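Since the structure comes first, as structure tokens, the remarks are kept for the end.
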Amino acid sequence: MIKTITDKTKDYDAYNAHWHYCVKNDIPFIRIIPATKFAKVEFDILTMLDFHKISDSPSKFLMELYNCYVEFFKFPKNKIACGGGSKNLIFTLYKEHADFFANQLFDYLLDYTKANRKSL
């Protein structure tokens with residue numbers, strides 16, 4: 001199973017292919033956008049079946065987790081970024097943490113959405 005896509009060249013065909021792969025397989029969409037020292041990790045659970053039936057959002061917990069990351073790693077204040085909506089967020093991290101974070105985020109979101117779906 002492919003958990004993430006790394007956006008290196010703004011390849012929209014690869015982006016769209018991964019988005020459709022996530023929809024087809026009912027999994028979260030996660031993209032890593034690397035830069036020189038930092039990377040952005042984006043997630044979106046709109047790709048998942050019945051996402052609108054999830055009563056709670058994982059965003060509050062993930063924002064708290066990101067704040068702990070920022071504090072623990074003494075992240076530069078001018079680089080702190082975490083934005084999005086209740087079903088999608090983009091985090092700025094140190095580049096060397098992005099792959100690990102993205103893979104853990106994928107597993108967490110998959111478990112979270114499956115556990116919080118309302119029955120049809």
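Heavy-atom basis, side chains included; hydrogens, waters and symmetry copies ignored. Worth saying up front: this structure is predicted, and the values here are computed from it rather than measured. Along the sequence shown, the residues carry numbers beginning at 1.
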Check: What do the steps show when you test Ile2 against Phe106 for side chain to side chain contact (heavy atoms under 4.5 Å, CB included), and what is the final call?
Finding: CA-CA 10 Å; Ile2 301 167; Phe106 178 91; over 6 Å; no
Margin query: Testing the basics here: between Ala39 and Ala98, what is the closest heavy-atom pair and its distance to 0.1 Å?
Written below: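 Where Ala39 meets Ala98 most closely, the heavy atoms are CB-CB, 3.8 Å.
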Check: Looking only at heavy atoms, which two atoms of Ile30 and Ala102 are closest? And how far apart?
Finding: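 Minimum heavy-atom separation between Ile30 and Ala102: CD1-O, 3.6 Å.
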Test item: [X] and [Y] side chains (from C-beta on) under 4.5 Å apart, heavy atoms:
X: Leu93; Y: Phe73; value: no
X: Asn25; Y: Met1; value: no
X: Arg31; Y: Trp19; value: no

Would you compute the distance between atom [atom1] of [X] and atom [atom2] of [Y] and round it to the nearest 0.5 angstrom?
X: Ile5; Y: Ile33; atom1: CD1; atom2: CD1; value: 10.0 Å
X: Lys37; Y: Glu96; atom1: NZ; atom2: CD; value: 8.5 Å
X: Ile27; Y: Leu109; atom1: CD1; atom2: CG; value: 11.0 Å
X: Leu89; Y: Asp44; atom1: CG; atom2: CG; value: 9.5 Å

Taking the ring centre of each residue, are [X] and [Y] less than 6.0 Å apart?
X: Tyr94; Y: Phe75; answer: yes
X: Tyr15; Y: Phe29; answer: yes
X: Phe61; Y: Tyr108; answer: yes

Next item on the list: Apply side chain to side chain contact (heavy atoms under 4.5 Å, CB included) to Leu62 and Phe43, showing your working.
Entry: CA-CA 11 Å; Leu62 293 171; Phe43 85 82; 3.5 Å; yes
Notebook entry, point to check: Do you reckon Phe38 sits in the same ILVMFWY cluster as Val41, going by side-chain contacts under 4.5 Å, direct or chained?
Noted result: yes
Item checked: Shared hydrophobic cluster for Phe72 and Leu105 (ILVMFWY, side-chain gaps under 4.5 Å) -> yes
Margin query: Counting neighbours of CD on Glu71 that are heavy atoms of other residues, nucleotides or ligands and sit closer than 6.0 Å, is the number greater than 12?
Written below: no
Checklist line | Presence of salt bridge, Lys3 and Asp107, under 4.0 angstrom | finding: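 Here Asp107 pairs with Lys3 in a salt bridge, since their nearest N and O are under 4.0 Å apart.
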Checklist line | Donor-acceptor contact present, side-chain Tyr66 to main-chain Phe91, <3.5 Å | finding: no
